[in-house]
Student: 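Next up is a structure, given as structure tokens.
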Amino acid sequence: MRILLAIAIVVLLGAVAFFSGRTHALTNESTPTDTSNPAVSGFGVEKSKKDGTSIVVGLGMLRPVGDVIQIGAPPGSRVAEVLVSEGDIVESGDHLVVLDQHEVAEASVALAKARLSSSKALQLAEIGVAEASIAKAKLAAEQVVTLTPLEVESQETNVELLKAAAENAKRNLDRFEPLATDNTVSPQDYDAQKLAARQAELNLQEATITLERLKSKTSLDALLAQQQIKVAEANLERARRSIQLDVLENDVALSQAKLDQCLICAPGVGEVIKVYARPGQPCSGEPLVDFGDTSHMYVLTEVYQTDALKVHVGQRAVVTSPALPEPLSGKVTTISNQISRQSIFSSSPTALVDARVVDVHILLDHGSPANRLIGLQVDVKIFVSATAPTNSVTPTENADTP
């Protein structure tokens, strides 16, 4: 019985010790900032030694505006050539790295463009022939409309003249018949007049047939000319559709896209921060180049959650670090609305390592020398109740002075 009682006492004491420690830890996490000594935790609020201005203290990291962009390549390819070095300033679209298969992709683009060009030339030639056929057919139709009626009119006049000549020859023959009976005229003259009348009649018949043929031919020629126009127009449409230029243009675009994948380009104006790529290196999804706009720098600052509402856009800040030749100045430009876990840690052994913080972006007044220390951890002081100096604070000045 005594043994059971002793075990129960030990378990009870252990439970009390556990919950006491847990409560102490939660208390420390919920209120980690000691406003009298924020340097111990890396976060907090302190007072300026000069005029008592409130200053929110946080930890930060130097980053280029737009952040560091890690540029990679599709897995399975291999680096053929590296065209840049660290520190190079590049323009948007400049080539940074060339991948293998570049020459093959370039030849594919040239071949696709050549096919498209020759197909366009062939299509233009066929279209030209078809358009010429249309023009010829329309000219023939116009001739039918304008010239054929004139031929008909001329033939009608000829028929009228031949009809008059035939009638005249018939009258002369009628006069010759009684004279031939009385032997007043010779049989030879009568026969000649009879032959003339017959010839005039035959000429009239031939002219009449020609006139009818012309009239029939006019309607047929007009119909034929219209059909020829339709055939020529159909040939023109076939010439336009026979070669699928859109397919060839898509081939060019696809070949160009494959070529572009073999050329790693700068996404904008900026600096080559880090080069990981080496000729012959296989691409496995890892970055080849780090890129960023280092002409403008900001500080990614973590402010403790209980101090977040004290910070506002436009407030001045001072950034310090042993690595900097002098403190840097800037102003708050962005404040996150979300509380997240701490990702920047102080080197102090007593500092917090699992705090809840709010991200604050501080745009520095000058990009240099921060652009030479990208990723540097810094201490940040945000002047929440007054405006700090716009110029960088010199090492001889009090960093607490707003």
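Computed from heavy atoms alone, side chains included, the values below leave out hydrogens, waters and symmetry copies. By convention here, the first residue in the shown sequence is residue 1.
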Student: Working to the nearest 0.5 angstrom, can you tell me the gap between Arg372 CZ and Leu324 CG?
Tutor: 11.5 Å
Student: Check this for me: His102, atom NE2, are more than 12 non-hydrogen atoms of other residues, nucleotides or ligands nearer than 6.0 Å?
Tutor: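 Check passes, neighbour count above 12.
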Student: Any chance you could measure Ile362, atom CD1, to Lys331, atom NZ, to the nearest 0.5 Å?
Tutor: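 Result: 12.5 Å between the selected atoms.
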Student: Side chain to side chain donor-acceptor pair (under 3.5 Å), that's the test. Do Gln101 and Ser77 meet it? Break it down for me.
Tutor: CA-CA 8 Å; Gln101 300 298 318; Ser77 54; over 6 Å; no
Student: Any side-chain heavy atom of Leu99 within less than 4.5 Å of one from Arg78?
Tutor: no
Student: Measure the shortest side-chain to side-chain distance between Val79 and Arg278 over non-hydrogen atoms and say whether it is less than 4.5 angstrom.
Tutor: no
Student: Check whether Glu302 reaches the backbone of Ile344 with its side chain - one donor and one acceptor, N or O, closer than 3.5 Å.
Tutor: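 Looks like yes, one N/O pair under 3.5 Å.
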Student: Listed by chain and number, what are the side-chain hydrogen bond (donor to acceptor under 3.5 Å, both in side chains) partners of Gln256, not counting sequence neighbours?
Tutor: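 Expected list: Asp260.
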Student: Decide if atom CG of Leu309 counts as having more than 12 heavy atoms of other residues, nucleotides or ligands within a radius under 6.0 Å.
Tutor: no
Student: Would you mind reporting whether Tyr304 and Val56 have side-chain heavy atoms less than 4.5 Å apart?
Tutor: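 Of all side-chain heavy-atom pairs linking Tyr304 with Val56, none is under 4.5 Å.
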Student: Kindly indicate, with the supporting measurements, whether the criterion side chain to side chain contact (heavy atoms under 4.5 Å, CB included) is fulfilled by Val98 and Cys262.
Tutor: CA-CA 6 Å; Val98 179; Cys262 296; 5.7 Å; no
Student: Under 4.5 Å between any side-chain heavy atoms of Val252 and Leu248, yes or no?
Tutor: no
Student: So how far is it from Glu106 CD to Leu263 CG, rounded to the nearest 0.5 Å?
Tutor: 8.0 Å
Student: Drop me the distance from Ser343's OG to Asp359's CG, to the nearest 0.5 angstrom.
Tutor: 6.5 Å
Student: Is it true that atom CD of Glu206 has more than 12 heavy atoms of other residues, nucleotides or ligands lying nearer than 6.0 Å?
Tutor: no
Student: Is there side-chain contact between Arg356 and Arg341, with heavy atoms separated by less than 4.5 Å?
Tutor: yes
Student: Would you say CD of Glu86 has more than 12 non-hydrogen atoms from neighbouring residues, nucleotides or ligands within 6.0 angstrom?
Tutor: yes
Student: Atom CG of residue position Asp246 - does it have more than 12 heavy atoms of other residues, nucleotides or ligands inside 6.0 Å?
Tutor: yes
Student: Got a sec, which residues hit salt bridge (charged side-chain N to carboxylate O under 4.0 Å, His left out) with Lys113, two or more places apart in sequence or on another chain?
Tutor: none
Student: Check salt bridge (charged side-chain N to carboxylate O under 4.0 Å, His left out) between Glu201 and all other residues, then give those that pass, not counting sequence neighbours.
Tutor: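 Arg198.
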Student: Walk me through whether Leu96 and Leu83 qualify under side chain to side chain contact (heavy atoms under 4.5 Å, CB included).
Tutor: CA-CA 5 Å; Leu96 307 179; Leu83 304 178; 6.0 Å; no
Student: Using only atom types and a distance under 3.5 Å, with no angle test, would you say the side chain of Asn168 pairs donor to acceptor with the backbone of Ala164?
Tutor: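 Checked: no pair found.
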Student: For a 4.5 angstrom cut-off between non-hydrogen side-chain atoms, does Tyr298 reach Thr334?
Tutor: no
Student: Kindly indicate whether the side chain of Glu249, heavy atoms from C-beta on, has any atom under 4.5 Å from the side chain of Lys120.
Tutor: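 Yes - at least one pair of side-chain heavy atoms lies under 4.5 Å apart.
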